[in-house]
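Below is one structure, written out as structure tokens; the observations come after it.
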Amino acid sequence: MAFGFARRKPAKADGPAVQDLTHDVGGRSLPLRVSENPRARRLTLRIKPGARGLTVTTPVGVPMLEVERFLYRNRAWLEEKLEKAPDRPEVRPGIKIPIRGVNHEIVHEPGRGVTEAVRNADGARLIVRGERIHLPRRVADFLKKEAKAEIGALVEKHAKTVKRPVKSIRYKDTVSRWGSCSSEGNLSFSWRIMMAPRPVIDYLVAHEVAHLVHMNHGPKFWALCEELCPDTKRCKAWLKKNGSALQAIGF
């Protein structure tokens with residue numbers, strides 16, 4: 001077992017400690033975040049969606065030696081889970097990535113121009129122009145742009161239905177959740193959701209907007225979520241089954 005130090009984030013004087021490390025397991029070297037939580041009573045281990053890293057949460061004051069022992073005790077479980085994790089394809093010319101649930105072949109064209117998705121008799125393609133080295137970023141930028149347009153409109157529609165104001169909408173590449181809603185009315189979404197089918201995108205927006213009314217996952221919340229998105233159950237199941245594959249794509 002290898003347990004390598006990458007960098008240490010200085011903890012706030014009155015806050016919990018956080019360490020960013022690397023951990024070798026199952027033939028992979030994965031980012032590992034070890035963070036203290038004053039409310040934690042035991043060590044917990046989580047694999048980030050898409051197997052993009054590991055997180056260990058500890059009670060305050062647990063020594064790193066105990067974290068190493070904890071990871072060693074769980075190595076068999078980790079190896080089994082990582083073996084089942086989806087492959088992590090890197091965005092490059094020739095591979096296909098889904099856009100709104102439809103697989104598009106990535107085609108690189110040198111020279112200036114915008115990135116555009118086209119569908120015709122030959123199939124669906126995502127044409128990416130510019131220097132080859134910038135292709136992954138340009139694909140990500142395309143998904144962000146699509147997210148801002150589509151999700152923004154859906155937020156406006158659902159927020160109007162529940163009669164609640166939205167303070168801001170942010171788009172991030174989060175690995176722990178697809179979306180979030182704060183008590184102040186700030187919504188956040190992972191732009192990767194634009195690779196999911198349209199009904200799933202609508203479900204995610206409905207889910208977060210429903211939190212403007214109910215900041216929990218109780219029966220009233222789910223009733224409102226299904227009112228906003230009648231296909232909630234099916235879309236929720238789709239995201240649970242396929243979300244890790246979308247998170248695994250490397251940009």
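The shown structure was predicted, so the numbers you read here are calculated from the model rather than taken from an experiment. Hydrogens, waters and symmetry mates play no part in the numbers below; they use all other heavy atoms, side chains included.
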- So how far is it from Leu187 CG to Ile169 CD1, rounded to the nearest 0.5 Å? 6.0 Å
- Message: When you measure from the side chain of Arg192 to the backbone of Ile249, do you find a donor-acceptor pair of N or O atoms at a distance under 3.5 Å?
- Response: yes
- Message: What verdict does the side chain to side chain contact (heavy atoms under 4.5 Å, CB included) test give for Asn120 and Arg125, after you've listed the backbone C-alpha separation in whole Å, the side-chain angles of each residue and the deciding distance to 0.1 Å?
- Response: CA-CA 9 Å; Asn120 50 38; Arg125 295 176 296 159; 3.7 Å; yes
- Item | Straight-line distance of His104 NE2 to Ile99 CD1, nearest 0.5 Å | 4.5 Å
- Item | Point-to-point distance, once rounded to the nearest 0.5 Å, from CD1 of Ile201 to CG of Leu204 | 9.0 Å
- Message: Let me confirm one number: the CD-CZ distance from Gln19 to Arg33, rounded to the nearest 0.5 Å.
- Response: 11.0 Å
- Note on the structure: Here the pair of heavy atoms bringing Ile95 nearest to Val91 is CD1-CA, 3.7 Å
- Option among Leu21, Asp24, Leu82, Leu78 that satisfies the side chain to side chain contact (heavy atoms under 4.5 Å, CB included) test with Leu30: Leu82
- Task: Check whether Val107 and Leu135 end up in the same hydrophobic cluster, where Ile, Leu, Val, Met, Phe, Trp and Tyr are linked by side-chain heavy atoms less than 4.5 Å apart.
- Result: no
- Message: Can you confirm whether Glu156 is buried at CD, in the sense that more than 12 heavy atoms of other residues, nucleotides or ligands lie under 6.0 Å from that atom?
- Response: no
- Please check if the side chain of Arg164 supplies one atom and the backbone of Leu212 the other of a donor-acceptor pair under 3.5 Å. yes
- Lys144 atom NZ: more than 12 heavy-atom contacts under 6.0 Å: yes
- Item | Path from Val166 to Leu228 over hydrophobic side-chain contacts below 4.5 Å | yes
- Query: Run the side chain to side chain contact (heavy atoms under 4.5 Å, CB included) check on Leu143 and Met195 step by step: do they pass?
  - Reply: CA-CA 8 Å; Leu143 292 174; Met195 293 186 282; 4.1 Å; yes
- Message: A side-chain contact here means heavy atoms from C-beta on lying under 4.5 Å apart; do Val18 and Val34 qualify?
- Response: no
- Note on the structure: Note: Arg119 and Ala124 closest approach over all heavy atoms is CG-CB, 3.6 Å
- Query: Between the side chains of His158 and Asp202, does any donor sit under 3.5 Å from an acceptor?
  - Reply: yes
- Message: Hydrophobic clustering (ILVMFWY, side-chain heavy atoms < 4.5 Å, transitive) - are Val56 and Trp77 grouped together?
- Response: yes
- Task: Give a yes or no on whether the ring-centroid distance for His217 and His207 is below 6.0 angstrom.
- Result: yes
- Query: So, Arg73 and Glu66, do they make that salt bridge, N to O below 4.0 Å?
  - Reply: yes
- Between the side chain of Thr232 and the main-chain N/O of Cys225, is any donor-acceptor distance below 3.5 Å? yes
- Message: When you group the ILVMFWY residues by side-chain heavy-atom contacts below 4.5 Å and let the links chain together, are Ile127 and Ile106 in the same group?
- Response: no
- Query: Under the side chain to side chain contact (heavy atoms under 4.5 Å, CB included) criterion, do Val62 and Phe70 qualify, and how do the steps go?
  - Reply: CA-CA 11 Å; Val62 172; Phe70 174 71; over 6 Å; no
- Task: Check whether any side-chain heavy atom of Thr55 lies under 4.5 Å from a side-chain heavy atom of Leu45, and answer yes or no.
- Result: no
- Could you tell me whether Arg234 and Asp231 have a side-chain N and a carboxylate O separated by less than 4.0 Å? yes
- Message: Surrounding CG of Leu65 (heavy atoms of other residues, nucleotides or ligands, distance under 6.0 Å), is the total greater than 12?
- Response: yes
- CZ/Phe142 to CD/Glu116 distance, rounded to the nearest 0.5 angstrom? 8.5 Å
- Task: Decide whether Val128 and Val114 are clustered together by the hydrophobic rule: side chain heavy atoms of Ile, Leu, Val, Met, Phe, Trp, Tyr closer than 4.5 Å, transitively.
- Result: no
- For the pair Glu150 and Arg198, evaluate side chain to side chain contact (heavy atoms under 4.5 Å, CB included) and give the outcome as yes or no after the intermediate values. CA-CA 10 Å; Glu150 183 153 343; Arg198 284 185 185 272; 3.1 Å; yes
- Task: Measure from NZ or CZ of Lys236 to the centre of the six-membered ring of Trp222 and say whether it is under 6.0 Å with the direction within 45° of the ring axis.
- Result: yes
- Query: Is Cys181 close to Val209 at the side-chain level, that is, under 4.5 Å between some pair of heavy atoms?
  - Reply: no
- Item | Geometric cation-pi criterion, Arg75 with Tyr72: 6.0 Å, 45° | yes
- Looking at CD1 of Ile97 and CZ of Phe251, how far apart are the two atoms once the value is rounded to the nearest 0.5 Å? 5.0 Å
- Item | Closest approach of His211 to Met215 (non-hydrogen atoms, all atoms of both residues) | O-SD, 2.9 Å
- Message: Between Glu105 and Lys96, does any NZ, NE, NH1 or NH2 come within less than 4.0 Å of an OD or OE carboxylate oxygen?
- Response: no
- What are the two closest non-hydrogen atoms of Phe189 and Val205, and how far apart are they? CE2-CA, 3.9 Å
- Carboxylate-amine/guanidinium contact Arg100 Glu146, below 4.0 Å: yes
- Message: I want to check something: taking the side chain as every heavy atom from C-beta on, are Leu32 and Leu71 in contact at a cut-off of under 4.5 Å?
- Response: yes
- Taking the side chain as every heavy atom from C-beta outward, state whether Leu246 and Trp178 have any atom pair closer than 4.5 Å. yes
- Message: Under 3.5 Å, is there a donor on one side chain and an acceptor on the other for Asn37 and Thr57?
- Response: no
- Message: Can you give me the closest heavy-atom contact between Pro199 and Cys229, atom names plus distance?
- Response: O-SG, 4.5 Å
- Does the Glu36 side chain pair with the main chain of Ala17, one donor and one acceptor, at a distance under 3.5 Å? yes
- Task: Verify, without hydrogens or angle tests, whether Arg129 (side chain) and Glu109 (backbone) share a donor-acceptor contact under 3.5 angstrom.
- Result: no
- Without swapping roles, check the side chain of Asn186 against the backbone of Ser182 for a donor-acceptor pair under 3.5 Å. no
- Message: Counting C-beta onward and ignoring hydrogens, is there a side-chain heavy-atom pair between Lys233 and Glu226 closer than 4.5 Å?
- Response: yes
- Query: If you draw a 6.0 Å radius around CZ in Arg132, do more than 12 non-hydrogen atoms from other residues or ligands fall strictly inside?
  - Reply: yes
- Query: What heavy-atom pair brings Ala196 and Trp238 nearest, and what distance separates the two atoms?
  - Reply: CB-CZ3, 3.7 Å
- Report, as yes or no, whether the 6.0 Å neighbourhood of atom CZ on Arg137 holds more than 12 heavy atoms from other residues, nucleotides or ligands. yes
